[in-house]
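Both backbone and side-chain heavy atoms feed into the values below; hydrogens, waters and symmetry mates do not. We're numbering straight along the sequence, starting at 1. Note that ligands are numbered from 1 as they come in the structure, with each ligand's atoms numbered from 1 the same way. Model, not experiment: these values are computed from the prediction.
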Amino acid sequence: MANVKFKVQLGGTIKGRIRVPGDKSISHRSIMLGALAEGKTTVTGFLEGDDALATLQAFREMGVDIDGPNNGNVTINGVGLRGLKKPNKPLDMGNSGTSTRLLAGILAGQDFDCELVGDASLSKRPMKRVTVPLRLMGAELETTEDGTLPMIIRGKGQTLKAIDYTLPMASAQVKSCVLLAGLFAEGTTCALEPAPTRDHTERMLNGFGYEVHSEKLDNQRMKACLKGGGSLKGRHIDVPSDISSAAFFMAAAAVSKDSDLVIEHVGMNPTRVGIIDILKLMGANIELENFHEVGGEPVADVHVRYAPLKGIHIPEELVALAIDEFPVLFVVASTAEGQTVLTGAEELRVKESDRIQVMADALIAIGVDAQPTADGMIINGGKQSPQNAEIQSHHDHRISMAMTIAGLNAVSEIIIDDCANVNTSFPIFIDLINEVGMKVEVVEEK
Ligand code: S3P
């Protein structure tokens, strides 16, 4: 396969009005719940990125008739909770942790054996966080000794045991895995999370007519519960634009002088808007316009204009609400005046790459004063020294995109190696970033 490199020309002013592709988390769930529902589910705005396509392909291989995607339109002919069929080969999850962990929950309740495999990055990521609760529910699973893929799930066709599970980390993937397994369990399954994480699974289950009860226990902890053995009814899902993709453009407009950018129809789920709160705390000029709701998810147009930024200590309660946005937030921090400190974000070390180490290395390579810590980073912003650099993305789409945005304020050329991974979440990233005012050249090396 060709190595795709991004050559980033320095500077640029970000202007325009754009729409970024559909939300990745919601796209995954639309296929999963659509497949498990009775009747037809139609989806518009589906993200045609490799991760969501891996989920779609997996359900096709389990016998679900799915039309599309065609310009973001997908039709899923649901087979009901008990209608999936044994696939003929291992299901390839590609780079996608969400596909793997949510599917593990669904597969634990089937009456067939199934194997999940993934690429080099996914095959290093921790899966014990899902095998532990699933085993408590009576599921039989095998992984490597390190608790990584490949994973074999032995479906016994028996009903799982409901559990009341306290998650050791704030993870929507683990919460969703437990709740999805709970559909196949006898009794009420609950997932208690140490801090609120994205709640798309709960919202969408409710939208499919499957009741999930969510409750705030105290300031931080959330508990979501559902009773097994019900049924989901097919419906229409309009996927809003992905705030995690929009984040690269918010950051770009926030750090480039004279910028003025509107990003339309962006998902504003309160469990995802940490990026906006953090940028505002740093002094960014962001206005939310045209607030409305589509299919149970709030959306708005995000209007960003340049304003000088300052370093901050990022409040820990915002970490889970901005968990995918830290690569680009580190880039923003490197341009802000003064020190930015992130703590309480050790989960970043087990994403598609170790995002603390990889981003610290990348920023240091372009002359930024950055210091990785066990659970975050310290960045002394606003004083980059010139240094030409070739950056490695480490199989991580968000590193490729974040380091592209770094080109707006860098003082020397940036080349990013191994960027085909941008297709996992944002296939038109380069077209859009060039449209709004950057100059990024894509070079394919055989
Ligand atoms: C996701 C949850 C998050 C996030 C990932 C998508 C989801 O992971 O990083 O990109 O769709 O549930 P964790 O739940 O492991 O934090």
S.K.: Please compare Arg29, His200, Arg101 and report which has the shortest non-hydrogen distance to atom 12 (O) of ligand 1.
M.R.: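 It is Arg29 that holds the nearest heavy atom.
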S.K.: Near Glu215 CD, under 6.0 Å, is it more than 12 heavy atoms from other residues, nucleotides or ligands?
M.R.: yes
S.K.: If we set the cut-off at 4.0 Å for heavy atoms, which region of His28 has an atom near ligand 1: side chain, backbone, both, or neither?
M.R.: neither
S.K.: Let me know which of Arg19, Lys24, Arg272 forms a salt bridge (charged side-chain N to carboxylate O under 4.0 Å, His left out) with Asp242.
M.R.: Arg272
S.K.: Just distances here: any N/O of Ser176 and N/O of ligand 1 closer than 3.5 Å?
M.R.: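 Checking ligand 1 against Ser176, no N or O pair falls under 3.5 Å apart.
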S.K.: What's the shortest distance from atom 10 (O) of ligand 1 to any protein heavy atom, and which residue and atom give it?
M.R.: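 Its nearest protein heavy-atom neighbour is Asp324 OD2, 2.8 Å.
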S.K.: For atom 1 (C) of ligand 1, which protein heavy atom lies nearest, and how many Å away is it?
M.R.: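 Ranked first by proximity to atom 1 (C) of ligand 1 is Gln173 NE2, 3.6 Å.
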S.K.: Counting only nitrogen or oxygen atoms and a 3.5 angstrom limit, does Ser25 reach ligand 1?
M.R.: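 N/O-N/O distance under 3.5 Å: yes.
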S.K.: Is there a donor-acceptor contact under 3.5 Å linking the side chains of Glu202 and Ser214?
M.R.: no
S.K.: Specify the protein heavy atom at minimum distance from atom 3 (C) of ligand 1: its residue, its atom name, and the distance to 0.1 Å.
M.R.: Lys351 NZ, 3.8 Å
S.K.: Which one holds for Lys175 and ligand 1: side chain close, backbone close, both close, or neither close, with close meaning a heavy atom under 4.0 Å?
M.R.: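 No part of Lys175 comes within reach of ligand 1.
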S.K.: In terms of atom number and element, which parts of ligand 1 are under 4.0 angstrom from non-hydrogen atoms of Ser171?
M.R.: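 Close to Ser171: 13 (P), 14 (O), 15 (O).
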S.K.: Sorted by first residue and then second, give each side chain to side chain donor-acceptor pair (under 3.5 Å) pair with at least one member in residues 68-77; sequence neighbours left out.
M.R.: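 Sorted pair list: Lys40-Asn77, Asp65-Asn77.
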S.K.: Can you confirm whether Gln371 sits close enough to Met377 that some side-chain heavy atom of one is under 4.5 Å from a side-chain heavy atom of the other?
M.R.: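 No, their side chains stay 4.5 Å or more apart.
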S.K.: Could you list the residues that satisfy ring-ring contact (aromatic ring centres under 6.0 Å, His included) with Phe426, not counting sequence neighbours?
M.R.: Phe249, Phe429
S.K.: Can you find a side-chain donor-acceptor pair between Glu264 and Ser241 that sits under 3.5 Å?
M.R.: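 No, no side-chain donor-acceptor contact under 3.5 Å.
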S.K.: Which heavy atom of the protein is the closest neighbour of atom 6 (C) of ligand 1, given with residue, atom name and distance?
M.R.: Thr98 OG1, 3.3 Å
S.K.: Decide whether Ser400 and Asn421 meet the rule of one side-chain donor and one side-chain acceptor closer than 3.5 Å.
M.R.: yes
S.K.: Do any nitrogen or oxygen atoms of Leu102 come within less than 3.5 Å of a nitrogen or oxygen of ligand 1?
M.R.: no
